[in-house]
Trainee: 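I'd like to ask some things about the structure below.
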Amino acid sequence: MNLRLRDDQQEALKLRAEEEGRSMHAIVLLAIDRYLEQEADRHEVRRLGAKYAAHHADLLRRLGE
């Protein structure tokens with residue numbers, strides 16, 4: 001996989017890496033890990049929300065009245 005960044009992104013990432021004493025590669029991997037974890041959490045929240053909404057549909061309907 002190749003990752004193509006805009007020039008401004010490349011420069012900002014380079015500066016951040018230098019400030020943190022880390023490689024640009026390490027920062028990109030961390031960003032990907034965070035994104036994947038966040039999306040997994042969102043998926044789980046949507047799944048549970050749908051489950052409990054279906055389970056408590058009558059109560060939710062009455063509360064909406």
Side-chain angles (χ1 to χ4, degrees):
M1 175 184 137
N2 291 321
L3 180 62
R4 293 186 180 95
L5 301 175
R6 296 185 318 261
D7 289 343
D8 62 314
Q9 292 172 319
Q10 177 88 16
E11 186 59 29
L13 181 58
K14 181 180 177 184
L15 290 173
R16 177 63 59 194
E18 289 171 358
E19 289 174 4
E20 295 181 11
R22 301 164 65 175
S23 70
M24 293 191 305
H25 180 81
I27 292 173
V28 170
L29 290 179
L30 178 60
I32 292 168
D33 287 343
R34 286 181 179 170
Y35 170 80
L36 293 173
E37 182 179 342
Q38 183 181 35
E39 289 305 307
D41 289 348
R42 285 184 182 156
H43 175 75
E44 184 66 6
V45 167
R46 284 191 298 268
R47 185 187 71 77
L48 290 172
K51 174 184 173 182
Y52 288 104
H55 183 73
H56 299 289
D58 186 53
L59 174 62
L60 292 170
R61 182 188 50 75
R62 286 184 285 151
L63 288 171
E65 293 176 352

Trainee: Begin from the C-alpha positions of Lys14 and Glu11 and carry the test salt bridge (charged side-chain N to carboxylate O under 4.0 Å, His left out) through to its verdict.
Mentor: CA-CA 5 Å; Lys14 181 180 177 184; Glu11 186 59 29; 5.1 Å; no
Trainee: Please report the shortest heavy-atom distance between Ser23 and Ala17, naming the atom on each side.
Mentor: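 In this case the closest contact between Ser23 and Ala17 is C-CB, 4.0 Å.
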Trainee: Just verifying a value: how many Å separate Lys51 NZ and Glu44 CD, rounded to the nearest 0.5 Å?
Mentor: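 Taking NZ in Lys51 and CD in Glu44, the distance rounds to 9.0 Å.
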Trainee: Identify whether Leu3 and Ile32 are in the same connected component of the hydrophobic contact network (ILVMFWY, side-chain heavy atoms under 4.5 Å).
Mentor: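 Same cluster.
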Trainee: Answer yes or no: does atom CG of Asp7 have more than 12 heavy-atom neighbours from other residues, nucleotides or ligands under 6.0 Å?
Mentor: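 Check fails, neighbour count at 12 or below.
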Trainee: Hydrophobic cluster membership, with links at side-chain heavy-atom distances under 4.5 Å among I/L/V/M/F/W/Y: are Leu29 and Leu13 in one?
Mentor: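 Different clusters.
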Trainee: CG of Asp33 to CD of Gln38: how many Å apart, nearest 0.5 Å?
Mentor: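 Answer rounded to 0.5 Å: 12.5 Å.
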Trainee: Flag the pair Leu15 / Glu18 as yes when at least one side-chain heavy-atom distance between them is below 4.5 Å, and no otherwise.
Mentor: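 With C-beta onward as the side chain, the pair touches.
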Trainee: Same cluster for Tyr35 and Val28 if Ile/Leu/Val/Met/Phe/Trp/Tyr side chains link at under 4.5 Å?
Mentor: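 Same cluster: Tyr35 reaches Val28 through Ile, Leu, Val, Met, Phe, Trp or Tyr contacts under 4.5 Å.
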Trainee: Looking at Glu19 and Arg16, is there a salt bridge between them, counting it only when a charged N and a carboxylate O are closer than 4.0 Å?
Mentor: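 Answer for the salt bridge query: yes.
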Trainee: Taking atom NE2 of His56 as the centre, does the number of heavy atoms from other residues, nucleotides or ligands within less than 6.0 Å exceed 12?
Mentor: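 Yes, NE2 of His56 has more than 12 neighbouring heavy atoms, counting only those of other groups under 6.0 Å.
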Trainee: Check whether Ile27 and Leu36 end up in the same hydrophobic cluster, where Ile, Leu, Val, Met, Phe, Trp and Tyr are linked by side-chain heavy atoms less than 4.5 Å apart.
Mentor: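 The answer is yes; both residues are in one hydrophobic cluster.
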Trainee: Is the CZ atom of Arg34 crowded by more than 12 outside heavy atoms at less than 6.0 Å?
Mentor: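 Atom CZ in Arg34 is not packed in, count stays at 12 or less.
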